[in-house]
Number of protein chains: 2
Amino acid sequence: MSRGNGGADADLPGGRRPARPTSRDVADRAGVSQATVSLVLRDRWHGRVSPARAEYVREAARALGYRPNLAARTLRLGQRRTALLVVPALTTEFFARVHSGAARMAAEHDIGVVLYPSPGGVGPAPDPFASASATVDGVIASSMAAEALAGLRDGGLPLVMLDSEPGLAPAVATVNPDISDGMRQICSHLLELGHRDFGHLAAAVDTWTFHARARVLAEALARSGSARLVTTERAALTVRDATSAAERALRANPRPTALVCDDDVLAAGACKAARRMGLRVPQDVSVTGIDDLVLAAAVEPELTTVRLPAEEMGSAGLAALLSVLGGREAGNTLLPVELVRRGSTAPPPGNGGVPPGP
Amino acid sequence: MSRGNGGADADLPGGRRPARPTSRDVADRAGVSQATVSLVLRDRWHGRVSPARAEYVREAARALGYRPNLAARTLRLGQRRTALLVVPALTTEFFARVHSGAARMAAEHDIGVVLYPSPGGVGPAPDPFASASATVDGVIASSMAAEALAGLRDGGLPLVMLDSEPGLAPAVATVNPDISDGMRQICSHLLELGHRDFGHLAAAVDTWTFHARARVLAEALARSGSARLVTTERAALTVRDATSAAERALRANPRPTALVCDDDVLAAGACKAARRMGLRVPQDVSVTGIDDLVLAAAVEPELTTVRLPAEEMGSAGLAALLSVLGGREAGNTLLPVELVRRGSTAPPPGNGGVPPGP
DNA sequence: GCAGGATAGTAGTACGTATAACCTCGGCGA
DNA sequence: TCGCCGAGGTTATACGTACTACTATCCTGC
């Protein structure tokens, strides 16, 4: 079923390329000029080419399996419609979803998305933009891709930042989930359940979002009047590190009855730590996450968490980039989040129950 | 396209396009011809341009922030060095890792990777290759991206299949993890622990890999002589579906003491089902997964699983594609896997941890 | 002093596409 | 009869790069 290649013509190593048909080949076959082919195939022929001929050209293109050479097209138009997405590690479910959203939006606008996975692995970590930026006309970057950010300034490219403070640089658009609202919803939920002693399992990532989470948590608790933040521990975003950090947090005195985690992975580690210490979740300690990864519904108990709109961050990021490329002001987008109540939160152990031990 | 505010932003000089410098701009600045710039920057100048001038050109390029236009370059060279990666859903951690591996390998060979996330979402599901294939010269596709595979035949492009049966089509290269070895290792592990009654929680995906998993499991159990497959249930790759399917499997008579799952997500669901039925993992029932996702170490107990080399599948896929593009025979790559023993497997109840004697 | 080579650089062109500018040819009202 | 118009094309050109000729200059040995 594959295109009838002559068989022997394509096996020269490093030599001849498959020689895809060009618009001129189509023109020859249809007996028209190359310009006509372009007009027809770009749907710009109305009132300039007769319908019969247009159909004939399309037929010829189909027969030859013609696909326009995008490189040539973009060269002519001068529009290198490609966005570079810089994320810390695509191996993470969250950023995979961000990319998915960006890619879908990009497909609708017929532009490409190239990924620059920041150099987590080995290797010489080549200049991120030496190769990629050659065809890129805009960058969407997560603030968590710290290593790559230095090079962004020099690029002189339109920039959209994800998870970054709005308004820092006038020319930089930002896209953020409404993490303040999310934190507030978590706090309200836990306060309504009757919790007073809170712990914070924070991500050991030096990023605005995570700073904001800590700040909003503190503010919300302060505003409640009754609640207080008993302990704060920081952990890398791995289950293993989260577990030991959570153990430290749960050894605080008084022991927090609610552990607010910056992330679902941290929350999973926290549950693990609690169990290891003989505490039940949620009866003895409530745990909350953020993100709503697949993992959140897989662990036992299922995590109460805040669902961040990862896909929407990607699509909104791309939309913001298009907006900037279109000459408009760089805006700041805030996306709504949603509290998902599941099994890892409950009222704190009652006064008549087991008192917190030393 | 909104040009918008009339004289407000006067900082855009001349036309309104960003106007990235071209090699001719560099030439003007350096006082040489465009050809010289190209020679110098492509490192083809030895013995043709004086070292002093070459350095001067490089200096000018640096000062202007010049980046060669890759579109123009590939147009001239006629080499569209771009691979298309077709995966079922990038939102999945596994395929995110596959992409990561492919991207790293691609970067080393200075070629691009474009993702085609098969249309899981809404929308008209446009021709996958209408836009992408324009610049693509090879395709790496997972057999799990079923919807997109139909279009691949017509493309006439070199094709590398992931998770697909080797040798089906002569021109198609394949890359697979050694799933047979993985299944055998799981079986050996469980047989050594003393299990006899096995259950299989299979993925409801009509793909060669998953068929192979079932076949190899059956063969391994048959060869053991003592063990048998008590039940097989199929589930979609979600925790929710896996849970109900696992409940059915655990209600089989006799109840399996070991539940072999096609996937970590399924295994997480199985653990959940067991607990819901009052069974302890691993004391009452052992559960195994495949993949070794982050999730595998997050659930309680941590999953015994087979780690599939996702990144290597990506890089090997790209290597295979390069090989085919280079004119060599389409080969079949088999990548080693590794059994990861964790907490979800133990001797079956009533065996006391003593391996079965004669 | 001059052939001949090494050195240093430039002019010109091709790649495949999109589109502005131009051309041709009937029909038609004056 | 002419001038004009619009439909239905075509010709020519630009996009930015890579590289093949080609020219021009400077040595160097005989």
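In what follows, chains carry the letters A, B, and so on, assigned in the order in which the sequence lines appear, proteins first and then strands, with residues in each chain numbered from 1.
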Enquirer: Choosing from dT19(C), dT17(C), dG16(D), which nucleotide comes nearest the side chain of A72(B)?
Expert: dG16(D)

Enquirer: Classify the nucleic acid contact of R53(B) as base, sugar-phosphate or nothing, counting any heavy atom under 4.0 Å across all strands shown.
Expert: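 R53(B): backbone/sugar contact only, no base atoms under 4.0 Å.
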
Enquirer: Which residue is it: V37(A), V40(A), V26(A)? I am looking for the one with a side-chain contact (heavy atoms from CB on, under 4.5 Å) to R58(A).
Expert: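 It is V40(A); the other options fail the test.
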
Enquirer: Counting just side-chain N and O atoms, does Y66(A) come under 4.0 Å of either OP1 or OP2 of dT17(C)?
Expert: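 Result: yes.
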
Enquirer: Whole angstroms only, please: what is the CG-P distance between L41(A) and dT17(C)?
Expert: 9 Å

Enquirer: Spell out yes or no: do the side chain of Q34(B) and the base of dA18(D) have one donor N/O and one acceptor N/O closer than 3.5 Å?
Expert: yes

Enquirer: How long is the straight-line distance from CG of L39(A) back to OG of S33(A), given to the nearest 0.5 Å?
Expert: 7.5 Å

Enquirer: Specify the separation, in whole Å, of atom OH of Y56(A) and atom P of dG8(D).
Expert: 18 Å

Enquirer: Could you tell me whether the side chains of T174(A) and N332(A) share a donor-acceptor contact shorter than 3.5 Å?
Expert: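 The answer is yes; a qualifying pair exists.
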
Enquirer: Mind calculating the distance between CZ (R44(B)) and P (dT10(C)) to the nearest angstrom?
Expert: 19 Å

Enquirer: For the side chain of T22(B), counting heavy atoms from C-beta on, which of dA21(D), dT17(C), dT17(D) is nearest?
Expert: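 Out of dA21(D), dT17(C), dT17(D), the nucleotide with an atom closest to T22(B)'s side chain is dT17(D).
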
Enquirer: For L39(B) and dT10(C), what is the distance between atoms CG and P respectively, to the nearest whole Å?
Expert: 10 Å

Enquirer: Touch check for V32(B), heavy atoms < 4.0 angstrom, all strands: base, sugar-phosphate only, or nothing?
Expert: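 Sugar-phosphate, no base atom in range.
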
Enquirer: Can you tell me which nucleotide in dG16(D), dG9(D), dA18(C) comes closest to the side chain of S38(A)?
Expert: dA18(C)

Enquirer: To the nearest 0.5 Å, what is the distance between CG (D163(A)) and CE (M313(A))?
Expert: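 Output value for this atom pair is 4.0 Å.
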
Enquirer: Identify which nucleotide among dG9(D), dT17(D), dT10(C) has an atom closest to any side-chain atom of R48(A), counting heavy atoms from C-beta outward.
Expert: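 Selected nucleotide: dG9(D).
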
Enquirer: With sugar-phosphate meaning primed atoms plus P, OP1 and OP2, does S33(A) contact a base, only sugar-phosphate, or nothing at under 4.0 Å between heavy atoms?
Expert: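 Counting heavy atoms under 4.0 Å across all strands, the contact made by S33(A) includes a base.
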
Enquirer: For D43(B) and dA18(D), what is the distance between atoms CG and P respectively, to the nearest whole Å?
Expert: 12 Å

Enquirer: Which of these nucleotides, dA18(D), dG16(C), dG9(C), is closest to any side-chain atom of R42(B)?
Expert: dA18(D)

Enquirer: Over how many whole Å does the gap from H46(B) atom NE2 to dA6(C) atom P extend?
Expert: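 Between P of dA6(C) and NE2 of H46(B): 18 Å.
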
Enquirer: Need one value for T36(A): base, sugar-phosphate or nothing, where a base atom within 4.0 Å counts as base even if backbone is also close, heavy atoms only.
Expert: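 Here T36(A) touches the bases of the nucleic acid.
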
Enquirer: Quick one: CG on L318(A) to NE2 on H99(A), what's the gap to the nearest 0.5 Å?
Expert: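 Between L318(A) CG and H99(A) NE2, I get 10.0 Å after rounding to 0.5 Å.
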
Enquirer: From the options dT17(C), dT17(D), dG9(D), select the nucleotide whose nearest atom is closest to the side chain of S23(B).
Expert: dT17(D)

Enquirer: Taking the nucleotide of DNA chain D with the closest heavy atom to each, which residue, R24(A) or V49(A), is nearer the 5' end?
Expert: V49(A)

